[in-house]
2 protein chains.
Amino acid sequence: MQKVTINDVAEHAGVSKKTVSRVLNNEPNVSKATKEKVLEVFKELGYRPSAQARGLATNQSFLIGLVYDNPNKTYVSDVQTGALEICNENGYHLVIHPTDHEREDLLAELESLITDSRLDGVVLTPPFSDMADLLSMLQSRAIPYAKIGPTILDDETPSVISNDLEASYEMTRYLISLGHTKIGFIKGHPDHNVSNQRLAGYRRALEESQIQFNNDYVAQGYFTFTSGEECAKQLLSLPARPTAIFASNDYMAAGVIKVASQENIAVPQELSVAGFDNAPISRYLWPTLTTVKQPIKDMATDAARLLLDAINKRPLESSLVQLTDELIVRDSSAPLKST
Amino acid sequence: MQKVTINDVAEHAGVSKKTVSRVLNNEPNVSKATKEKVLEVFKELGYRPSAQARGLATNQSFLIGLVYDNPNKTYVSDVQTGALEICNENGYHLVIHPTDHEREDLLAELESLITDSRLDGVVLTPPFSDMADLLSMLQSRAIPYAKIGPTILDDETPSVISNDLEASYEMTRYLISLGHTKIGFIKGHPDHNVSNQRLAGYRRALEESQIQFNNDYVAQGYFTFTSGEECAKQLLSLPARPTAIFASNDYMAAGVIKVASQENIAVPQELSVAGFDNAPISRYLWPTLTTVKQPIKDMATDAARLLLDAINKRPLESSLVQLTDELIVRDSSAPLKST
DNA sequence: ATTGTATTTGACACCGGTGTCACGATATGG
DNA sequence: CCATATCGTGACACCGGTGTCAAATACAAT
């Protein structure tokens with residue numbers, strides 16, 4: 001069909017290709033008249049500049065990477081959607097890169113991803129956002145990057161975080177406000193730093209309400225459904241059974257609900273359950289799950305935006321953006337029955 | 001760090017860049033000696049050819065698009081993973097493109113995706129695989145494409161299908177083998193052609209077992225959890241209540257299980273439930289869900305492979321690949337209690 | 001040794017843009 | 001009014017590869 005090049009435009013507009021290029025890039029020193037004329041020819045011919053040629057000349061790829069390792073497909077989908085939005089707006093392409101954060105050769109793998117694909121920058125999701133060796137590798141190669149949900153904030157690199165800790169705190173406060181004092185907690189995967197954040201929020205709420213923290217009420221999960229089941233069994237077999245369980249994500253909370261059902265413990269009458277993430281499953285469970293909704297997609301758009309700012313060396317107001325989580329109360333939590 | 005170009009290699013190897021290019025592309029008419037020498041220099045210098053420059057010269061982008069519109073994140077993830085695998089193997093990048101199959105300007109949107117990004121080809125998922133106007137648009141622009149799960153197979157374009165109809169047939173046969181005769185069926189979204197396939201499999205199994213098809217036992221769902229709930233209510237309020245319900249996907253089956261639980265109908269003792277897709281939720285439900293597992297990822301890899309074959313004009317053995325679904329029996333189905 | 005053919009190789013233009021720089025036209029100012 | 005700074009523009013090389021074509025070399029047959 002077409003293959004309109006900059007030369008065609010130049011010819012039609014009666015100017016040199018360099019001038020067309022100037023218009024394309026909004027460079028100064030183009031008279032208003034010629035600029036308008038060129039823009040007109042753009043439309044007339046339906047001209048689309050070639051990112052390849054442009055990139056070849058400027059040593060850019062217009063590619064940014066998105067690195068993740070998260071079994072939660074909803075999370076991944078949201079992150080992709082958010083990042084994609086910004087990429088499309090700016091003529092970049094998104095190179096999605098699912099990988100295993102535990103693989104031996106992770107650094108080498110990411111290094112070859114970057115050099116082979118000549119990425120202009122990378123968006124990192126947890127737990128990559130906190131991997132010191134990875135960050136220093138990127139730095140040494142001068143690859144700009146933006147971090148989603150890092151827990152270490154000691155540098156100047158662009159980061160987007162949510163108030164995980166506060167949300168966890170709020171959820172615990174909420175359970176306490178329902179009258180619960182024996183509140184079980186299921187931790188997330190130790191490799192993910194959010195796990196600590198969420199535990200910390202739980203502890204802070206207890207302290208503030210002068211409820212003694214009891215380590216027996218804390219179980220080590222791994223963000224999986226089955227780990228949730230195991231933790232639930234453990235917690236529910238305690239002599240002084242908890243009247244509420246707060247799991248660090250929805251899959252584990254689902255496991256709790258399943259175990260409760262198996263053991264004929266009524267939710268929420270005898271046991272309140274809360275999760276984290278607002279995964280689809282949280283709406284499909286019976287009862288529906290009280291949980292925390294994180295602004296994943298928004299975090300991704302902000303991260304991508306920050307990254308592009310960095311790549312194009314636009315001054316950024318702040319390298320740290322904080323968005324807020326939202327408590328969603330559904331049917332799995334209820335006031336403690338007075339005995 | 002580095003920026004090894006073809007000129008560097010040429011210099012080090014004492015040959016012209018054209019010869020290096022020949023080695024790069026495995027072109028004939030290069031003496032064994034020089035070829036080896038060049039390959040050696042490749043390693044020595046860690047040379048990576050620039051896809052940009054290559055593409056600019058050959059009018060390729062090494063980009064292929066993946067178009068989808070599916071709320072099932074697992075499906076999307078599997079498709080991405082499969083397509084990505086092939087892309088990475090062949091030095092292509094995958095441009096993921098979630099969109100809305102019902103939007104007015106769909107054709108224009110995809111057209112601009114293709115021209116703006118200069119895609120070399122596109123992988124289509126349902127329901128795009130069956131959209132005639134889209135296909136003819138691609139054809140007229142000479143954009144190679146591969147279709148996943150089309151139901152119309154009247155052309156020569158590369159396609160990958162699974163035996164949806166047979167799987168649905170098998171599932172129904174299985175329910176019948178458990179003694180069920182009053183088997184409810186929940187249809188999928190009418191825009192998705194698989195919906196018809198699955199219904200057809202159900203009907204064929206009934207016929208073969210000489211069970212009268214009863215339209216009252218068929219409800220119209222939309223692949224969503226809530227539509228599953230509604231259909232379940234409808235089916236379970238029938239005078240001659242079905243003893244088994246086969247839903248066209250797992251989300252709807254989950255809705256059925258929820259409603260059954262609300263109405264105190266024991267699953268599977270009083271009601272067998274079956275789904276389709278093997279979504280994560282199928283393992284987390286209580287009881288766990290009997291379902292059908294489709295080889296989504298494999299379908300995507302095959303589709304991508306076929307597409308790349310078409311792009312590179314490699315002769316393909318067959319333009320149609322068929323993979324097989326797998327029946328997964330879990331706890332939500334049981335033999336009919338003899339009354 | 002001579003001619004003919006096949007194989008190996010390189011010079012050079014080109015893909016579609018951008019960077020550098022030089023040149024003419026305008027604007028500024030003393 | 002002329003010297004100087006600024007603006008607008010185009011010529012040309014270059015980014016890192018590939019296609020074309022002709023030259024150089026190897027091999028075979030006469």
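Every heavy atom of this structure was used, including side-chain atoms; hydrogens, water molecules and symmetry mates were not. Lettering follows sequence order; numbering is per chain, from 1.
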- Take the C1' atoms of the five end pairs on each side of the helix from dA1(C)-dT30(D) to dG30(C)-dC1(D), derive the two axes, and give their angle rounded to 10 degrees. 40°
- Task: For Y145(A), check ring-ring contact (aromatic ring centres under 6.0 Å, His included) against everything at least two apart and list the hits.
- Result: none
- Task: Please collect all salt bridge (charged side-chain N to carboxylate O under 4.0 Å, His left out) contacts where either partner lies in residues 7-18 of chain A, sequence neighbours excluded, each pair once.
- Result: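 For residues 7-18 of chain A, and leaving out neighbouring residues, there are no salt bridge (charged side-chain N to carboxylate O under 4.0 Å, His left out) pairs at all.
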- Task: Enumerate the residue pairs fulfilling salt bridge (charged side-chain N to carboxylate O under 4.0 Å, His left out) with a member in residues 120-129 of chain A, sequence neighbours excluded, ordered by first and then second residue.
- Result: none
- Partners passing side chain to side chain donor-acceptor pair (under 3.5 Å) against Q80(A) (at least two apart in sequence or in another chain):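 Result, side chain to side chain donor-acceptor pair (under 3.5 Å) vs Q80(A): Y68(A), Q80(B).
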- salt bridge (charged side-chain N to carboxylate O under 4.0 Å, His left out) against E111(A), all qualifying residues, sequence neighbours excluded: R141(A)
- Looking at residues at least two apart in the chain, or sitting in another chain, which of them share a salt bridge (charged side-chain N to carboxylate O under 4.0 Å, His left out) with R103(B)? D105(B), E109(B)
- Query: Just by protein heavy atoms under 4.0 Å, how would nucleotides 8-17 of chain C read 5' to 3' in B, S and -?
  - Reply: BBBB---BBB
Which pairs of donor and acceptor atoms, one on a side chain in residues 32-43 of chain B, lie under 3.5 Å apart (sequence neighbours left out)?
| residue | atom | partner | partner atom | Å |
| --- | --- | --- | --- | --- |
| T34(B) | OG1 | S31(B) | O | 2.9 |
| T34(B) | OG1 | S31(B) | OG | 2.9 |
| K35(B) | NZ | N26(B) | OD1 | 3.4 |

